[in-house]
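Single-structure report; data block below.
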Amino acid sequence: MTNRQVDTHSQSDAKLWFSEARYGMFIHWGAYAQYERGEQVLFREHLDQNEYAREARAWKPSRFNAVVWADLARRAGFRYAVLTARHHDGYCLWDSHTTRYTTAAQTAGRDFVCEYVEAFRAAGLKVGLYYSLADWRIPAYWDGPAKDPVGWYHFRDYVHAQVEELLTLYGKIDVIWFDGAWPHSAQDWRSSELVQMIRKLQPDILINNRLGSLPADIDPSHQNADGGAGAGASRELGDFGTPEHHITAETNRLWESCQTSTWRLWGFTRGEHWRPADLMLDMLVESAGKGGNLLLNVGPTAEGELPPEFIERVEQIGQWLQVHGEAIYGSEAGDVCEFITYGRQIRKGNNLYLVIRFWDGRAEMHMAGLETRVQKAVLMSTGQELAFDQSEDHLVLHGLPAERPNSLFPVIRLECAGRPTARPWAVDRLWSGDASRMTMWARDYRE
Ligand code: GLC
């Protein structure tokens, strides 16, 4: 068997677990947590490099226990996680042989990447590592290959060697998540070679798209769609797209929206606002409904604890997933017909899941434009089977309880006679498609 066949086979397996998983936990944790002002405090506050490095080396998170994190992740219904092995500050969370600027060689004296990988793998989660190409301590990173060819050459070698190390030391890694390619191109980073090396070391791995742009990628609208200029997204390289702070489907490859659980920052920030659980769940439902994943972030404290606000919210979502998880895991894009009045739709096989964002307390619920015949309707939140009438254009569900049956979104499963599709007029929504499809309908009007 050639290498190529092996790669193709394992990559498609990997894509399967990724789509099945739908929900991942992003963990931004590093020495920056000590400042409690986000993960980019070094640059944004133009801090003294040496002082920052001293703080980083002295960082000793005494309450970190990867087993506790992994246990929460499992209970909360996450199926995979991605930990920042190294962020833009360059401080490494593993026992690297390429530098002594690591938690293992300094005060902490621990290999946090190893502890994380072992605990999350043991909890049955897929394991991912985030790695920043950018290292803000290194002058050659800022100067780049044109101004400092020799410095750049050594820096790039260092980056490649670190990636090789991460993908050699800890057994199977399921996702490698690059970031910080800006302002350099994929050629500058030698990203194609990096990808080749990664596939050789870890044939099953999924690689994100932030590997720097190729000439073909120089398209400003695309850069925006893929998570800000700093992301350096590539259309050609990588297995999945990474829309950041927004949920936009990619049509030709897997994608995962990364989102904060607070209003803005990824690393732990004192005084940040927390998003409520329903909003976070809504992001998951929207992602699944559009055929993608949600990578929901947490910034643990400098001591190594997950903030209680995060735990409380994701546990609530986890309880919701225990009852309604079949609508999320392994689901397909599901925006089949008009439903904006009540909520979102997710499809899986012949089932259409109606996720009710707005519960109006009425016994009847109306839905227009579903072509496929419904055979059974179940309010999953209570198990109640619902009576319904279906005409050519309309489905009316009966017997809904006046009180919202759960604290987060109730879900109704429509079991259909085939794969749910829309009536021709309902394939496109209001303000889109061919307007004349509605002419006949307007002709029914009589003065
Ligand atoms: C941005 C930021 C970075 C964060 C990342 C997460 O690229 O530079 O701090 O880690 O988004 O997607």
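On a predicted model such as this, the values are computed, not experimentally measured, just so you know. All residue numbers in this chain count up from 1 along the given sequence. Whatever order the structure lists them in is the order used to number ligands and atoms, beginning at 1.
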For D179, counting its heavy atoms only, list the atoms of ligand 1 lying under 4.0 Å from any of them.
1 (C), 2 (C), 3 (C), 4 (C), 5 (C), 7 (O), 8 (O), 10 (O), 11 (O)
Salt bridge or not for E332 and R419, using N-O below 4.0 Å?
yes
Atoms in ligand 1 flagged as close to Y130, the criterion being non-hydrogen separation under 4.0 Å:
10 (O)
Would R37 count as a cation-pi partner of Y32, with NZ or CZ less than 6.0 Å from the six-membered ring centre and within 45° of the ring normal?
no
Using a 4.0 Å cut-off to any heavy atom of H87, which atoms of ligand 1 qualify?
3 (C), 4 (C), 9 (O), 10 (O)
Would R344 and E286 pass as an ion pair if we require N to O under 4.0 Å?
yes
Please list, in number order, the atoms of ligand 1 under 4.0 Å from a heavy atom of C258.
12 (O)
Quick test of your reading of the model: are D135 and R86 salt-bridged, counting only N-O distances below 4.0 Å?
yes
Using a heavy-atom cut-off of under 4.0 Å, does the side chain or the backbone of W177 touch ligand 1, or both, or neither?
side chain
Looking at every non-hydrogen atom in both residues, tell me the closest pair between L294 and M280 and how far apart they are.
CD2-O, 4.0 Å
Under 4.0 Å, heavy atoms only, figure out whether ligand 1 is touched by the backbone of R210, its side chain, both or neither.
side chain
